[in-house]
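The structure under discussion appears below in the form of structure tokens.
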Amino acid sequence: MPVKISPSILAAPLAHLGKAAKDIEAAGCEYIHIDVMDGHFVPALTFGDQITAAISAESKVPLDVHLMVAKPEAEARKYFDLKPAIITFHYEATTAPIRLAEEIRARGIKAGISLNPRTPVSVLEDLTRYIDVVLLMSVEPGFYGQKFIEASWERLTVLKSLKAKGHPFEIEVDGGVSDVNASQLVEAGADILVSGSYVFKGDMKEKVKKLKGL
Ligand code: DX5
Ligand code: ZN
């Protein structure tokens with residue numbers, strides 16, 4: 001199955017989010033990636049649940065909500081009624097990841113957990129049975145348009161071997177993804193690629209095709 005593409009709408013012209021959502025649908029993407037930033041876990045402030053609802057109303061593409069917030073327990077609940085495909089929270093932001101993942105799953109939503117570039121992949125060893133997606137940050141969270149961190153390759157290898165031990169999960173890579181590294185990321189085990197600045201510059205349809213290797 002070709003890799004799934006989740007364009008990060010944060011990199012779209014922000015006054016035209018409805019058009020961006022429609023472009024993502026027309027380009028045949030599997031998800032719309034929503035980068036929720038609260039000004040605490042990361043310095044920037046981006047979208048909350050109300051803007052996410054407005055984006056969602058503009059297309060049929062399932063939402064992939066990435067919570068970069070200091071209190072994911074409180075924030076995640078605000079998205080339940082929007083029925084996103086995935087809600088991902090950060091390992092670094094919660095002391096009770098199992099409880100939160102179970103709460104998300106109980107709503108029929110895939111539970112994702114994200115790791116910052118400096119958090120060892122091994123922290124997931126006791127968690128894989130509770131989660132559906134691991135979102136590996138390949139840049140420090142906070143901004144689009146950053147350079148892919150090369151140490152992510154090694155982290156992907158470790159993650160892939162963790163997946164092979166049982167309790168399979170999908171691997172999502174977020175940050176600095178483009179046609180330069182997409183096929184190698186898929187070979188290394190990525191099931192979902194997030195892409196912001198690359199897909200929103202120029203012809204999105206062509207760029208998505210390139211990311212999918214079509
Ligand atoms: C970074 C966000 C990413 C980002 C991706 O904090 O989580 O989703 O918007 O953008 P690019 O593809 O430009 O790195
Ligand atoms: Zn993201």
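Numbering of ligands and ligand atoms starts at 1, following listing order. Quantities reported herein were computed from a predicted structural model and do not represent experimental measurements.
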Inset, instruction - Answer with side chain, backbone, both or neither: which part of Ser8 has a heavy atom less than 4.0 angstrom from an atom of ligand 1? - result: side chain

Legend entry - Expected output: side-chain Asp38 to main-chain His40 donor-acceptor under 3.5 Å: yes

Inset, instruction - Number the atoms of ligand 1 from 1 as they appear, then name those within less than 4.0 Å of a heavy atom of Ser195, with their elements. - result: 12 (O)

Legend entry - ligand 1 contacted by Phe143 (non-hydrogen, < 4.0 Å): yes

Inset, instruction - Answer yes or no: is there an ion pair linking Lys22 with Glu25, defined by an N-O contact shorter than 4.0 Å? - result: no

Legend entry - Atom indices of ligand 1, in the order listed, that fall short of 4.0 Å to a heavy atom of Met68: 6 (O), 7 (O)

Legend entry - Ligand-side contact atoms (ligand 1) for residue partner Ser197, heavy atom cut-off under 4.0 Å: 11 (P), 12 (O), 13 (O)

Inset, instruction - For Gly145, take its heavy atoms, then give the atoms of ligand 1 lying under 4.0 Å from any of them. - result: 11 (P), 13 (O), 14 (O)

Inset, instruction - May I ask you to decide whether Glu73 forms a salt bridge with Arg99, counting only side-chain N to carboxylate O separations under 4.0 Å? - result: no

Inset, instruction - Please indicate whether any nitrogen or oxygen in Asp35 is less than 3.5 Å from any nitrogen or oxygen in ligand 1. - result: yes

Legend entry - ligand 1 N/O within reach of Pro141 N/O, cut-off under 3.5 Å: no

Legend entry - Salt bridge present between Lys207 and Asp203 (N-O < 4.0 angstrom): no

Legend entry - Donor-acceptor contact present, side-chain Tyr198 to main-chain Gly176, <3.5 Å: no

Inset, instruction - Please report which non-hydrogen protein atom sits nearest to atom 10 (O) of ligand 1, along with the residue it belongs to and the distance in Å to one decimal place. - result: Tyr144 CB, 3.3 Å

Legend entry - Least distance between heavy atoms, Pro97 atom then Leu127 atom: CG-CD2, 4.0 Å

Inset, instruction - Would you please test Tyr130 and Thr128 for side-chain contact (heavy atoms from CB on, under 4.5 Å) and show each step? - result: CA-CA 5 Å; Tyr130 304 103; Thr128 53; over 6 Å; no

Inset, instruction - Identify which protein N/O/S atoms are less than 2.8 Å from the Zn ion (ligand 2). - result: His33 NE2, Asp35 OD1, His66 ND1, Asp174 OD2

Inset, instruction - Can you label the angle between the Phe148 ring and the Trp153 ring as parallel, tilted or perpendicular, going by 30° and 60°? - result: tilted

Legend entry - Val194 neighbourhood, listing ligand 1 atoms whose heavy-atom distance to it stays under 4.0 Å: 8 (O)

Legend entry - Side chain Ser59, main chain Ile55, donor-acceptor under 3.5 Å: no

Inset, instruction - Enter the distance from Ile24:CD1 to His33:NE2 here, rounded to the nearest 0.5 Å. - result: 10.5 Å

Legend entry - Any N or O of Val177 closer than 3.5 Å to N or O of ligand 1: no

Legend entry - Non-hydrogen side-chain atoms of Phe89 and Glu75 separated by less than 4.5 Å: no

Legend entry - Candidate list Glu172, Glu170, Glu30, test side chain to side chain donor-acceptor pair (under 3.5 Å), partner Lys4, passing option: Glu170

Legend entry - Electrostatic pair Arg105:Glu102 at N-O distance under 4.0 angstrom: no

Inset, instruction - Would you check whether Gly142 reaches within less than 4.0 Å of ligand 1, judged by its heavy atoms? - result: yes

Inset, instruction - Closest by any non-hydrogen atom to atom 3 (C) of ligand 1: pick that one out of Val173, Asp174, Val199. - result: Asp174

Legend entry - Sub-4.0 Å atoms of ligand 1 with respect to non-hydrogen atoms of His66: 7 (O)

Inset, instruction - Report yes or no: do Asp35 and Thr46 form a side-chain donor-acceptor pair below 3.5 Å? - result: no

Inset, instruction - Could you tell me which atoms of ligand 1, counted from 1 in the order shown, lie closer than 4.0 angstrom to a heavy atom of Met37? - result: 6 (O)

Inset, instruction - Ignoring hydrogens and angles, tell me if any N or O in the side chain of Ser138 forms a donor-acceptor pair with the backbone of Asp174 under 3.5 Å. - result: yes

Inset, instruction - Write out the residue and atom name of the closest protein heavy atom to atom 12 (O) of ligand 1, then the distance separating them to 0.1 Å. - result: Gly196 N, 2.7 Å

Legend entry - Proximal atoms of ligand 1 relative to Gly175 (non-hydrogen, under 4.0 Å): 14 (O)

Legend entry - Residue, atom name and distance, where the atom is the protein heavy atom closest to atom 14 (O) of ligand 1: Gly176 N, 2.9 Å

Legend entry - Mode of Tyr198 contact toward ligand 1 - side chain, backbone, both, neither (heavy atoms, under 4.0 Å): neither

